[in-house]
Amino acid sequence: MRGKTVVITGATSGIGLVAAAQLAAMGARLVLVARDKTRGEAALTRLRSLNPDVAHSIHYADLSRLAEMKRVAAEIAAAEPRIDVLINNAGALFATRHVTEDGLELTFALNHMSYFVLTQGLHGRMIASAPARIVNTSSDAHKGKQIDFNDLQSANNYKGFQVYGRSKLCNILYTNELARNLAGTGVTANCLHPGFVDTRFGDESGGLLSLGVRIAKTFAISQEKGAATIVYLDSSDEVAQATGGYYYKCKKATPTKQARDDDAAKRLWQESERLAGIKS
Ligand SMILES: NC(=O)c1ccc[n+]([C@@H]2O[C@H](COP(=O)([O-])OP(=O)(O)OC[C@H]3O[C@@H](n4cnc5c(N)ncnc54)[C@H](OP(=O)(O)O)[C@@H]3O)[C@@H](O)[C@H]2O)c1
């Protein structure tokens with residue numbers, strides 16, 4: 001990874017932080033996108049200690065707000081002459097429904113729209129830097145879920161884990177459509193399930209959901225194991241050409257039928273463009 005620039009979201013904690021640290025130790029230069037100054041500076045200090053010869057950097061943005069997603073993408077595109085890897089990884093689960101200033105349901109905004117908007121803002125740089133890779137953190141929580149295009153903002157009958165699972169289904173559908181759109185450019189797009197990992201995930205969800213996740217974490221795997229598939233997709237020669245795949249434990253896996261629905265993927269892309277107010 002020496003000489004490579006890696007942009008990553010959600011690297012102030014959990015599997016994103018471990019993946020960033022491992023990539024820095026492999027020689028990569030990291031560009032972090034974070035919302036919290038204290039955790040951001042702590043992550044940067046850790047990366048600098050692992051690879052002091054490289055000028056890692058950080059940009060601050062709340063990735064649940066469209067204006068912030070667009071601003072940070074424009075800032076990074078202006079600052080970085082080349083981007084070799086983009087890792088969309090920031091995400092969360094919310095027990096109760098919140099609506100952002102853009103009128104979007106918070107889980108959908110953070111877990112799906114931030115992947116879409118950041119990638120749309122940076123893919124031009126990545127095509128110019130090809131070969132390049134986009135890696136999206138999804139989840140097996142997509143299983144048993146389906147997208148309701150009549151209620152993308154989950155206004156009806158909000159259930160935290162259902163809505164979270166749908167956002168992770170969006171990650172797979174989006175990755176598939178992205179891979180199709182990027183075919184022939186030298187930029188690949190893949191997504192992954194990290195496993196059930198002992199991170200801060202769920203700690204701030206609220207209510208019984210936080211308690212449930214905390215209890216379930218007794219059976220969770222380590223952050224190192226959870227980060228392994230992210231690092232594999234970013235760096236392994238084995239997947240240098242692979243695109244449009246869903247991976248678990250560094251192997252290709254098969255997501256559900258709903259996640260392989262090409263019409264739903266196209267429709268989600270169109271809806272995302274409309275909601276973000278961008279045209280690709
Ligand atoms: N843990 C699991 O079992 C599991 C399983 C499947 C998939 N995943 C996925 O893995 C990814 C990483 O989660 P994790 O388990 O490592 O959890 P985590 O420790 O809670 O990390 C989440 C990261 O997302 C960032 N983030 C949250 N809201 C944000 C916002 N509004 N703007 C910018 N950044 C924001 C957090 O920043 P702060 O440090 O500021 O909070 C943190 O860096 C998520 O996409 C999650 O859905 C996790």
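Note that ligands are numbered from 1 as they come in the structure, with each ligand's atoms numbered from 1 the same way.
- Because its NZ or CZ atom is not both nearer than 6.0 Å to the ring centre of Phe196 and within 45° of the ring axis, Lys217 does not count as a cation-pi partner of that residue.
- Below 30°, between 30° and 60°, or above 60°: for Phe116 and Trp269 the angle between ring planes is above 60°, a perpendicular geometry.
- Between Val163 and Tyr158, some side-chain heavy-atom pair lies under the 4.5 Å cut-off.
- Side-chain N/O atoms of Asn171 and Thr137 include no donor and acceptor closer than 3.5 Å.
- Ring orientation note: the planes of Tyr246 and His142 are nearly perpendicular, at an angle over 60° on the 30°/60° scale.
- Note on ring orientation: taking the six-membered ring where Trp is involved, the planes of His193 and Tyr248 are tilted (angle from 30° to 60°).
- Protein residues with a heavy atom closer than 4.0 Å to ligand 1 are Gly10, Ala11, Thr12, Ser13, Gly14, Ile15, Arg35, Asp36, Arg39, Ala61, Asp62, Leu63, Ser64, Asn89, Ala90, Gly91, Leu110, Tyr115, Thr137, Ser138, Ser139, Tyr164, Lys168, Pro194, Gly195, Phe196, Val197, Thr199, Arg200, Phe201, listed by chain and number.
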